[in-house]
Each structure stands twice: as C-alpha cells, then as structure tokens.
Amino acid sequence: MARRYAAVAITRNGIRLALKLGGLLADTEVYCYAKYSGELEEMPGERRIFDGPVKELLPALFSRYEAVILFFSLGAAVRLMAPLLESKLTDPAVIVIDEGGQHVISVLSGHLGGANRLTLEIAGLLDSHPVITTASDVQGVFAADLLGREFGWRLEDFAPVKGVSAALVNGEPVAVLQEAGETGWLPPGAVLPEHVRLCSDMAELLQQPLRAAVIITDRLLQPAEAAALSGLPAAVYRPRSLVLGLGCNRGTEAAELEAAVLATLEELRLSPLSVRGAATITIKGDEAGLLELCGKFGWELDLYTAEQLNTVPLEQPSAVVFKATGAYGVCEPAAILSAGGGKLLQPKKKSGNVTIAVARAAYGGREEQADERTQ
C-alpha cells in the first residue's frame, strides 16, 4: 500500500524526531540520511536510507507523496523545492519542522494540498507550535478554495477563487448564495464575517454592492445572470446533489446512455458536475454500458431490489415494468431512494433504449449546524 507522507531528515536530532513522527502519524515513510542513520539503529521504526544530496531525492518525493515533511531549516527547504514548484493545484503539501521539534511550519499548498490541516495534526502529535500564515486561517474565516471539499463539491472554474479570497481577507463585501447541497459547510471554529452576506436568491445577490460572490448551485447560470456577474470574481461551486435514476434495454451502449443523460441535464439546465451517482434495479447491476458510464464519470451506482423500489409511491405505476422486473417503476423510485427521499426534478422520460429520471438529494439535519456556526 502506498504511503501518503514522506518525512525527510538529515541530522541526528532530525532523524530521531522523524522516526518518532513515523510511529505516530499513520501512512508516513521516513527517509534518513545514511551518515547518521547507522548511529540510531537502536531507535524503533522503519526507514529508508539515502546517501546522496536531498536535492536529488526531492523530485521523486514530490511526485509520489501527498505531503513532504522536511526536518531542516526553512531557508534550505525553500531553495531545494523552488525548482520543483508547478501549480497550487498539483504541488504536494510541504511542511518544515526544526530539528528541535519546537515549530511545525506550513510552507506550501496550505489549503488545496492540506498542509495547514496536517500542520495542526503533527503539532498535536509532537507537542509543538504550529505556524500557519494563510490569511483566512489566521483570521478564522472560511477558505474560498476549500468550500465543501469534505462533501466532494467541485469548482466550475478555479480562476475566480483568487479574487474571492482577496475580498474575504480584506473585508470587502462578498455575497454567498446557496441553492443546493449540504448546508453545514462552514468549518468548525470558522465564522461568517460581517462583510459576507448570505442571499436567499439570485435577485437579492445581484442587488448587493459586491466585490466578489460565491454561488453554490447545481443549476447552470442563465445568460443574464452570467453577464451580470462578469465584472467581478464569482466562484461557482457544484455540490454533488443530483442523482440519476436509469433504466435501459439489455445491451444498451454507454454512448447512448451518456447522450440521454447529458441531453436531459441540458434540458433541465443542470450541471453534470453536480451528479453524485446513478441508481437502478439490482437486475441491471451487471449492465456493461451502465457500468462503463459510471466508471467514466466516477459516479456511484446504487442498486435497489424490486421490493425496495415498490416502497416509493408512484403517480403512474407501470404494469409492463412490473411484469418484467417485479417493480412498478425503476428510474423514478431508484432516483428518489438514492437521493434520500429528495425532490424529483425530472419524472421518468424515455429516450431510445434509455429511461431516465433526475432527483435532487435531501440534506436534512445540516441546517441547524450551519445556523449555529453563522451566529
């Protein structure tokens, strides 16, 4: 199994501390400089020995691990990793720890790479002082580039995030509109700043004196809305709020299923990025085209028995479908069940060999948590 973190030490004290961390932090692989590692054979813990310059080791670590933890000076770390940096979207987290273990410093990829979170965890394990300089963390406001990450939300476009983040940390007016998805998105301990306004709909948002906006929605923006927002950074987040109920004739190809799905979403003005998964009856669990479609988009596939599907009341139960499957409907009840009893946005619709329904997931129980965090 691949390890997530690489700890690199080049001094006696650094190696001792790195081995200690390796025993405390799961999924950590410790790299020790050969010159001093032999003197510490009595210390427990697995280790990888290297005898060349750290400069030659780091490129492989950058491409292989989620985070690289360096037990030497911050200045040396900056010089060594500078030639390796490519993008905040792809660079690993980098953390520097002094060989005395006094400070754990988040250096690179604090948000997207998780360095800030990991810094706090390591500092707790080593009883050290965490050093985090990211403005949003220092101020205790939410990070625009991490919104809903624990729920799998996706950004429509990363480009506006820089402007949104700048407005947030500089106290400029920012509007937030949520139309779908989990409501408990404020991180524990974070507060909604006074200069951030929660809007009830798009009309209210567009009436605000704004410097930036955050929109959490599974629908495609109308051209007029997009035009009104074009003059300012507006980060559009796609929550995983949609479920597709799918039925098809045996042997239906993935291309036909995909075409039906995308056409239906376009008609409904819904974003494919918000599709969480698909659902159908258990007898379709081996349908090659359906499995290929879900694999292509990374969708979950929920399967329900006829008995489970029949627990969902239907406006138009089908005797034909019941004769073939034992269920009075497939795509509608499957979508509703997978969505946790959510709202049906598209009743069953036939398209060639495909029958499709779309439901929006229900998120009960999150509202009170969100309300408490914003007070």
Side-chain angles (χ1 to χ4, degrees), residues 87-89 110-112 116 132-242 268-274 343 345 360-361 363 366-375:
S87 166
K88 66 188 300 181
L89 301 177
H111 283 163
L112 293 180
N116 291 354
I132 296 174
T133 58
T134 311
S136 58
D137 293 85
V138 172
Q139 295 181 16
V141 302
F142 66 89
D145 53 353
L146 289 183
L147 208 61
R149 190 176 190 182
E150 68 271 34
F151 305 124
W153 292 5
R154 302 175 183 178
L155 270 167
E156 181 80 23
D157 181 7
F158 194 83
V161 169
K162 183 178 181 180
V164 174
S165 297
L168 281 170
V169 300
N170 286 301
E172 298 173 336
V174 178
V176 177
L177 170 62
Q178 181 169 16
E179 298 179 331
E182 296 86 349
T183 56
W185 46 264
L186 267 180
V191 296
L192 203 64
E194 293 183 359
H195 62 283
V196 177
R197 181 185 179 99
L198 290 176
C199 300
S200 58
D201 54 35
M202 183 63 76
E204 181 184 356
L205 182 145
L206 295 177
Q207 291 173 358
Q208 304 304 312
L210 299 178
R211 291 299 299 270
V214 175
I215 302 168
I216 308 160
T217 184
D218 54 21
R219 70 177 180 87
L220 301 177
L221 298 186
Q222 298 294 333
E225 295 170 340
L229 293 167
S230 62
L232 64 141
V236 179
Y237 270 95
R238 300 301 186 188
R240 308 296 292 276
S241 54
L242 303 177
L268 296 171
R269 299 294 296 163
L270 295 173
S271 172
L273 292 177
S274 281
K343 181 181 180 182
L345 304 179
R360 178 178 285 136
Y363 295 102
R366 303 292 297 192
E367 291 78 2
E368 292 182 3
Q369 179 182 353
D371 290 342
E372 291 173 1
R373 291 180 183 175
T374 55
Q375 290 176 355

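For reference, positions follow the sequence shown, starting with 1.
- Separation of atoms CD1 (I215) and CG (L229) is listed at 4.5 Å; rounding is to 0.5 Å.
- Once rounded to the nearest 0.5 Å, the distance linking OH of Y237 with CH2 of W185 reads 10.5 Å.
- Side-chain contact between V214 and L168 is absent, with no heavy atoms from C-beta onward closer than 4.5 Å.
- Looking at every heavy atom in both residues, E182 comes nearest to Q178 through O-NE2, 2.7 Å.
- Here the shortest heavy-atom pairing between A167 and V174 reads CB-CG2, 3.7 Å.
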- Task: Kindly determine whether T217 and M202 satisfy side chain to side chain contact (heavy atoms under 4.5 Å, CB included), including the steps that lead there.
- Result: CA-CA 11 Å; T217 184; M202 183 63 76; over 6 Å; no

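- Residue L210 comes nearest to A175 through the heavy atom pair CD2-CB, 3.3 Å, listed as atom of the first residue, atom of the second, then distance.
- Between the CG atom in L220 and the CD atom in E156 there is a gap of 7.5 Å [rounded to 0.5 Å].
- Within the model, atoms CG of D218 and CD1 of I216 stand 11.5 Å from one another, a figure rounded to the nearest 0.5 Å.
- Residues that satisfy the salt bridge (charged side-chain N to carboxylate O under 4.0 Å, His left out) test with R219, not counting sequence neighbours, are E179, E225.
- Here the straight-line distance linking atom CZ of R211 with atom NE2 of H195 works out to 11.5 Å at 0.5 Å rounding.
- Judged as a side chain to side chain donor-acceptor pair (under 3.5 Å), and not counting sequence neighbours, the contacts of E204 are R197, S200.
- Taking CZ of R240 as the reference point, atom CG of L273 lies at 8.5 Å (rounded to 0.5 Å).
- The two residues L177 and C199 make their nearest non-hydrogen contact at CD1-O, 3.4 Å.
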Side-chain polar contacts of residues 157-164 - donor-acceptor pairs under 3.5 angstrom, sequence neighbours left out - could you list them?
from : atom 1 : to   : atom 2 : distance (Å)
D157 : OD1    : A159 : N      : 3.1

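- A distance-only check finds a donor-acceptor pair linking the side chain of S274 to the backbone of P239 [under 3.5 Å].
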